[in-house]
Amino acid sequence: MVKFINDYGSYLYLAVEIIAAVTGLILYKRYRHTAAKYFIYFLIYVVAFGVIGRYTF
């Protein structure tokens, strides 16, 4: 189990970030007029830069 997490941990973290960003996009209409929309923007930026950063990895 530890070997699996060491080998594929970065993929798991990226998957969790993508799930959070997609959930934020799905619920964006509900939180459009609150400060939570900035957190949704932040999640999208984190996923975008995470995917771009993995290009060289």
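All figures in this text were calculated on a predicted structure; none of them were measured in a lab. One-based numbering along the sequence shown.
Follow the hydrophobic side-chain contacts under 4.5 Å out from I26 and you reach I18 in the same cluster.
In this structure, L43 shares a hydrophobic cluster with F39, F42, V46, the cluster being traced through Ile, Leu, Val, Met, Phe, Trp and Tyr side chains under 4.5 angstrom apart.
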Side chain to side chain contact (heavy atoms under 4.5 Å, CB included), that's the test. Do L12 and F4 meet it? Break it down for me. CA-CA 10 Å; L12 294 172; F4 178 79; 4.3 Å; yes

As a quick check of understanding, evaluate side-chain hydrogen bond (donor to acceptor under 3.5 Å, both in side chains) for Y28 and Y41, giving each step before the final call. CA-CA 10 Å; Y28 179 75; Y41 296 153; 3.0 Å; yes

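Smallest separation of non-hydrogen atoms from K37 and R32: CD-O, 3.2 Å.
Note that R54 lies outside the cation-pi zone of F49, set by a 6.0 Å cut-off to the ring centre and a 45° limit from the axis.
The side chain to side chain contact (heavy atoms under 4.5 Å, CB included) check on A36 picks up Y31, T34, with sequence neighbours excluded. In this view, K29 satisfies the salt bridge (charged side-chain N to carboxylate O under 4.0 Å, His left out) rule with no residue, not counting sequence neighbours.
Rounding to the nearest 0.5 Å places OH of Y45 at 11.5 Å from OH of Y38. Between atom CE of residue M1 and atom CG of residue N6 there is a gap of 11.0 Å, rounded to the nearest 0.5 Å. To the nearest 0.5 Å, the span separating CD1 on I40 from CG on L25 amounts to 7.5 Å.
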